[in-house]
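A short worksheet on the structure shown next.
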Amino acid sequence: MKYSEFEDYSVFTTPQELHKAINTLKGLLTGIQIDSKINENEIQELIYWCESQRRLENKHPFKEILPLIDDACEDGVITAEEASDILWLCNNITS
């Protein structure tokens with residue numbers, strides 16, 4: 001399948017891709033909250049998630065989520081409160 005055909009087809013899959021991306025983020029954040037610590041692997045996964053969604057950073061809901069995550073990751077530590085805030089936003093988007 002050529003890339004242009006993929007783009008045409010993506011119009012139909014965008015809602016599912018959004019839902020999958022948000023649920024993946026929710027899973028990452030839930031894992032962080034479980035032990036109240038964030039390790040290097042979790043931070044790397046969160047950064048990877050953000051980078052894979054960066055092409056959508058000007059679209060809802062990513063224009064709200066990505067800056068929130070970027071701010072939380074800036075110091076290399078995600079507090080329980082920061083994770084809760086991001087998770088709250090994700091839950092409101094998917095409900």
Side-chain angles (χ1 to χ4, degrees):
M1 184 183 302
K2 295 181 183 177
Y3 186 72
S4 62
E5 292 173 358
F6 177 73
E7 283 182 323
D8 294 339
Y9 183 72
S10 71
V11 171
F12 301 107
T13 62
T14 300
Q16 291 82 7
E17 290 176 20
L18 168 68
H19 195 65
K20 179 181 177 183
I22 298 300
N23 282 325
T24 300
L25 178 60
K26 286 169 63 174
L28 286 169
L29 295 170
T30 301
I32 291 168
Q33 284 187 315
I34 286 173
D35 60 5
S36 301
K37 298 176 187 173
I38 184 165
N39 62 40
E40 187 63 31
N41 289 337
E42 290 168 330
I43 264 285
Q44 289 303 316
E45 283 297 319
L46 198 52
I47 290 169
Y48 175 76
W49 184 91
C50 288
E51 293 308 313
S52 66
Q53 307 309 318
R54 203 61 74 182
R55 64 186 169 82
L56 302 169
E57 70 184 333
N58 293 322
K59 295 184 178 193
H60 175 76
F62 298 102
K63 66 182 177 183
E64 291 87 14
I65 293 173
L66 290 173
L68 194 59
I69 295 171
D70 289 340
D71 289 345
C73 291
E74 192 171 53
D75 61 358
V77 176
I78 296 180
T79 65
E81 183 178 337
E82 289 170 329
S84 292
D85 289 345
I86 299 167
L87 195 54
W88 178 87
L89 181 58
C90 291
N91 286 329
N92 283 325
I93 289 167
T94 56
S95 62

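- Counting only residues at least two apart or on different chains, no salt bridge (charged side-chain N to carboxylate O under 4.0 Å, His left out) pair has a member in residues 80-94.
- Gln53 and Glu57 are not linked by any side-chain donor-acceptor pair at a separation below 3.5 angstrom, with hydrogens and angles left out of the test.
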Determine all donor-acceptor pairs shorter than 3.5 Å in which one atom belongs to a side chain in residues 63-73; sequence neighbours excluded.
residue : atom : partner : partner atom : Å
Glu64   : OE1  : His60   : ND1          : 3.0
Asp70   : OD1  : Arg54   : NH2          : 3.1
Asp70   : OD2  : Arg54   : NH1          : 3.0

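- Following chains of ILVMFWY side-chain contacts shorter than 4.5 Å, one cannot reach Ile32 starting from Tyr48, and the two form parts of different hydrophobic clusters.
- Glu74 is linked by a side chain to side chain donor-acceptor pair (under 3.5 Å) to nothing, counting only residues two or more places apart in sequence or in another chain.
- Contact detail for Lys26 and Cys90: the closest heavy-atom pair is CG-CB, 3.5 Å.
- Separating the CG atom in Leu25 from the CD1 atom in Ile86 is a distance of 7.0 Å, to the nearest 0.5 Å.
- Although no hydrogens or angles enter the test, the distance criterion places a donor-acceptor pair under 3.5 Å between the side chain of Trp49 and the main chain of Ala21.
- Taking the side chain to side chain donor-acceptor pair (under 3.5 Å) definition, one finds that Lys20 meets it with nothing, sequence neighbours left out.
- For the atom pair CD of Glu45 and OG of Ser52, the computed distance is 9.5 Å after rounding to the nearest 0.5 Å.
- The side chain to side chain donor-acceptor pair (under 3.5 Å) check on Thr30 picks up nothing, with sequence neighbours excluded.
- What you find for Ser84 and Gln33 is that their closest heavy atoms are OG-NE2, 2.8 Å.
- Interatomic distance, Gln16 CD to Asn23 CG, rounded to the nearest 0.5 Å: 12.0 Å.
- Here the closest non-hydrogen pair linking Ile93 and Pro61 is CD1-CB, 3.2 Å.
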